[in-house]
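Before any comments, here is the structure.
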Amino acid sequence: MSTRAADLPVSARGRSLGLPRARAAEAAPELVVVIPTYCERANVEELVRRLRKVLTGLRWEAIFVDDDSPDGTAQVIRGIGRRDARVRCLHRLGRRGLAGACIEGMLASCAPHIAVMDADLQHDETILPRMLQYLREGGAELVVGTRYGGDGSVGEWDAARALISRRATRLSRLVYRQSVSDPMSGFFMLKRGLFEEAMRKLSTSGFKLLLDILATIKRPVAIQEVSYTFRTRERGESKLDSVVVWDFAMLMLDKLLGGYVPMRFVAFSLVGGAGIAVHMGVIALLLRLTALAFPVAQALAAGGTMVFNYSVNNVLTYRDQRRTGLAWLTGLASFMGACSLGALANVMIATLAFDHHVPWQLAALSGVCVGAVWNYAMTSRFTWGKARAAG
Ligand code: GDD
Ligand code: MN
């Protein structure tokens, strides 16, 4: 049986036709378009159609990074990939998050120029060739698709979202020096070298990847902006909810503190602080409204607080590793187990200190600190950490 060259994977074609090595090298893409997806089944086909049209004549590839979308987006992308080898799907399991998805997509390609764009057709793909031109010949290292500069616009946004976006844009100037009109843009292109300078310091959990890159690279960067109009989403839904405000605050804090304090621990402690308020509220209610004895009320309040802390940490602190369905329940069990031991450690340390004539305030505080660190260390490992993959 004879095999036609077109039936072979691209890498094998050169060899079977006896082409010189240089031809195979030519086939490498000069541009990768990284496209994060979560439930974008209805949009990917059309996006690829548009990319083919606008990138005609260029050597490009598209890497879709899908976080195991329940609507089967990954299957649709693989279907396209079977007909067009330039389209690939990086299918991630057990992780969520826009920034992390983009970073992995960038790492999965060897192309010297990297574009990041949304899958939902809100970004105007027709500016891609111009963006590439600025990188190739214009001396730019980074090109940002902007909704604010030139004749760009945010399209049909409601007033609240437009206001929040503008405020955040202004605030974000605290953490970077370059002049960029749209640091929150999810649409940009950069040279691989620039990405590699920043990649080990980038946060994978948020969604502000461009802002993170700008804040991470301290030297002046040659930046070019290309304006475009942000289109309205026709199919599917936006995934960015009010939690983006939290994500933004955490990224800002991280950068302002110089990246030395682990943000997950800060978040975990903030949630723990809120948990104390919940505990006090619950016990006050129980004592006032029921005839429960104090130790019973205290135990119930402690249990309620653990459920509160677990739920909130699951959507904020560990958003990228969030547990759902049955895994939510088993996670709760391991969280409560770890925190019960933490409470024990807390009491033991505090008692020990107290017995050694440490003032009670300091003794109590040392117990709380040891308990908090214990809880963080244990739950980061056993509730949300890698151990989960094995269990
Ligand atoms: N892999 C992956 N994982 N992709 C995700 C995730 C995730 O957890 N969350 C969202 N996406 C994908 C979406 O499928 C879409 O292709 C893209 O990321 C943007 O998500 P949208 O939900 O459409 O975001 P948006 O339109 O509200 O926000 C856009 O504008 C912001 C500026 O206001 C995005 O471009 C943001 O990056 C941008 O900051
Ligand atoms: Mn969108």
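One-based numbering, in listed order, for ligands and for the atoms of each.
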- [ ] Show which atoms of ligand 1 fall inside a sub-4.0 Å distance from at least one heavy-atom site of Thr37.
- [x] 1 (N), 2 (C), 4 (N), 14 (O)
Task: Basic-acidic side-chain contact under 4.0 Å: Arg235, Glu46 - done: no
Open item on the list: What I want to find out is whether Glu197 reaches Arg219 closely enough, with some N-O distance under 4.0 Å, to be called a salt bridge.
Closed with: yes
Open item on the list: I want to know if ligand 1 touches Ser165 in the polar sense, i.e. an N/O pair below 3.5 angstrom.
Closed with: no
Open item on the list: Any atom of ligand 1 sitting under 4.0 Å from a heavy atom of Arg92?
Closed with: no
TODO: Report yes if some N/O of Glu237 lies less than 3.5 Å from some N/O of ligand 1; otherwise report no.
DONE: no
- [ ] Evaluate the side-chain contact (heavy atoms from CB on, under 4.5 Å) criterion for residues Phe195 and Ile103: first the C-alpha distance (whole Å), next the side-chain angles of each, then the deciding distance (0.1 Å), finally the verdict.
- [x] CA-CA 9 Å; Phe195 166 65; Ile103 292 169; 4.1 Å; yes
Task: Sole candidate of Trp384, Phe268, Tyr318 that passes ring pair (Phe, Tyr, Trp, His ring centres under 6.0 Å) when paired with Tyr310 - done: Trp384
- [ ] Examine all N, O or S atoms of Gln122, backbone included, and report whether one is under 2.8 Å from the Mn ion (ligand 2).
- [x] yes
TODO: Tell me which part of Arg147 gets within contact of ligand 1: side chain, backbone, both or neither, using heavy atoms under 4.0 Å.
DONE: side chain
- [ ] Specify side chain, backbone, both or neither for Ala101, according to which of its non-hydrogen atoms lie closer than 4.0 Å to ligand 1.
- [x] side chain
Open item on the list: I need the contact type for Lys239 against ligand 1. Using non-hydrogen atoms and a strict under-4.0 Å cut-off, is it side chain, backbone, both or neither?
Closed with: both
TODO: Give the single entry among Asp68, Val44, Leu98 that approaches atom 18 (O) of ligand 1 most closely by any heavy atom.
DONE: Leu98
Task: N or O pair under 3.5 Å between Ser185 and ligand 1 - done: no
Open item on the list: Does the Lys NZ or Arg CZ of Arg88 fall within the cation-pi geometry relative to Phe64 - under 6.0 Å from the ring centre and within 45° of the axis?
Closed with: no
Open item on the list: Check this for me: does any side-chain nitrogen of one of Arg96 and Asp320 sit under 4.0 Å from a carboxylate oxygen of the other?
Closed with: no
- [ ] Give the contacting part of Val65 toward ligand 1: side chain, backbone, both or neither, where contact means a heavy-atom distance below 4.0 Å.
- [x] backbone
Task: Sub-4.0 Å heavy-atom approach of Gly97 to ligand 1 - done: yes
Open item on the list: Between Glu125 and Arg52, does any NZ, NE, NH1 or NH2 come within less than 4.0 Å of an OD or OE carboxylate oxygen?
Closed with: no
Task: Lys/Arg-Asp/Glu bridge criterion (N-O < 4.0 Å) met for Asp71, Arg41 - done: no
Open item on the list: Within 2.8 Å of the Mn ion (ligand 2), is there any N, O or S atom belonging to Asp120?
Closed with: yes
